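Residue numbers run from 1 in the order of the sequence given. Model, not experiment: these values are computed from the prediction. Hydrogens, waters and symmetry mates are skipped; everything else that's a heavy atom, side chains included, is used.
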Amino acid sequence: MIATESLNNGTVVQTAADVLQIGDHAFRSRLLVGTSGYPSPQVMLEALDAAGAELVTVAVRRVNLHDQGEESMLGLLQAGGYTLLPNTAGCFTAKEAVLVAQLARELLDTNLVKLEVIGDDETLLPDSEQLLKAAKTLIDDDFVVCAYSNDDPIVCRKLADLGCAAVMPLASPIGSGMGLVNPYNLALIRELLPETTLLVDAGIGTASDAMRAMELGYDGILLNTAISGAQHPVAMATAMRHAVDGGRLSFQAGRIPRRFYAQASSPLEGRIAS
């Protein structure tokens with residue numbers, strides 16, 4: 001069932017009945033946003049607000065988790081009421097990623113983690129072997145794992161079978177802005193894992209990329225550079241918000257089938273005879 005409501009300004013949004021579920025956590029917004037690379041903390045906060053984000057990622061190895069004062073980045077995010085999703089960006093082994101996740105849980109008092117285990121510095125593509133190993137360890141340790149993965153249907157199925165709360169195949173390499181380079185694989189993953197929370201993570205460049213991913217039936221989008229690196233981050237955040245909402249509604253509405261030939265939209269009965 002499509003659950004929507006119209007605001008006074010005409011904007012159509014999902015109601016509480018249509019939520020993004022990640023473990024025991026439920027969010028109305030399906031757009032998850034990163035917090036790095038903004039021109040200033042103020043622009044970051046304005047962009048997060050414009051995006052309608054509720055769940056935001058922070059790179060554990062790139063922020064001082066001990067500094068949670070009012071003017072620190074963590075302090076600003078906590079004051080804004082955002083749920084923090086610590087990530088293990090920059091980790092190259094399962095052991096390293098597990099250690100970083102445990103540190104984040106201790107200091108931020110959350111069992112949520114975005115799990116990244118990278119294969120190399122150049123491509124920033126996931127190391128599937130180490131990723132699966134780290135995911136199993138963290139799930140056994142009661143973490144709610146959101147796993148960043150290649151767009152490999154088999155790896156994504158293995159992550160889901162392990163018990164990941166969300167599986168997050170990439171659209172294209174991190175920060176590339178290349179959009180959906182393999183929509184076939186993304187569609188196949190969605191078909192193979194109909195009950196799994198799936199988020200497209202990395203490579204989104206513009207609003208049409210986000211909408212296209214949502215129209216494939218994905219549950220949400222996680223992005224950072226597409227907003228923080230835009231010429232006008234707040235405007236791009238607004239565009240991304242509308243794209244995600246529009247793509248979700250489009251998927252729920254059910255598109256017409258593609259046809260090789262034309263089909264008249266007007267009835268043929270009652271035509272004036274020639």
Could you check if a side-chain atom of T197 sits within less than 4.5 angstrom of a side-chain atom of V167, using non-hydrogen atoms only?
-> no

For T137 and D140, run side chain to side chain donor-acceptor pair (under 3.5 Å): C-alpha distance rounded to whole Å, both residues' side-chain angles, the deciding distance at 0.1 Å, then the answer.
-> CA-CA 5 Å; T137 300; D140 289 345; over 6 Å; no

Begin from the C-alpha positions of K136 and L132 and carry the test side-chain contact (heavy atoms from CB on, under 4.5 Å) through to its verdict.
-> CA-CA 6 Å; K136 184 179 188 312; L132 289 164; over 6 Å; no

Looking at side-chain heavy atoms only, is the closest gap between L84 and L77 below 4.5 Å?
-> yes

Under the side-chain contact (heavy atoms from CB on, under 4.5 Å) criterion, do Q252 and D18 qualify, and how do the steps go?
-> CA-CA 11 Å; Q252 290 177 313; D18 183 41; 3.4 Å; yes

Is the CD atom of Q21 crowded by more than 12 outside heavy atoms at less than 6.0 Å?
-> yes

Under 3.5 Å side-chain donor-acceptor pair for Q102 and E106 | no

Check: H25 and N111 side chains under 4.5 Å, non-hydrogen atoms | yes

Following the transitive rule for hydrophobic clusters with a side-chain heavy-atom cut-off under 4.5 Å over Ile, Leu, Val, Met, Phe, Trp and Tyr, establish whether L85 and I22 coincide in one cluster.
-> yes

Residues 220-229 vs side chain to side chain donor-acceptor pair (under 3.5 Å), sequence neighbours excluded, gives S36-N224, N224-S228

Can you find a heavy atom in the side chain of I139 that is under 4.5 Å from one in the side chain of V144?
-> no

Step through the shown structure and confirm whether more than 12 heavy atoms of other residues, nucleotides or ligands are within 6.0 Å of CG on D120.
-> yes

What side-chain donor-acceptor pairs closer than 3.5 Å can you find for residues 208-216, not counting sequence neighbours?
from	atom 1	to	atom 2	distance (Å)
D209	OD2	G205	N	2.9
D209	OD2	T206	N	3.1
E215	OE2	S250	OG	2.9

Can you list the steps and then say if V33 with T57 is a side-chain contact (heavy atoms from CB on, under 4.5 Å)?
-> CA-CA 6 Å; V33 182; T57 65; over 6 Å; no

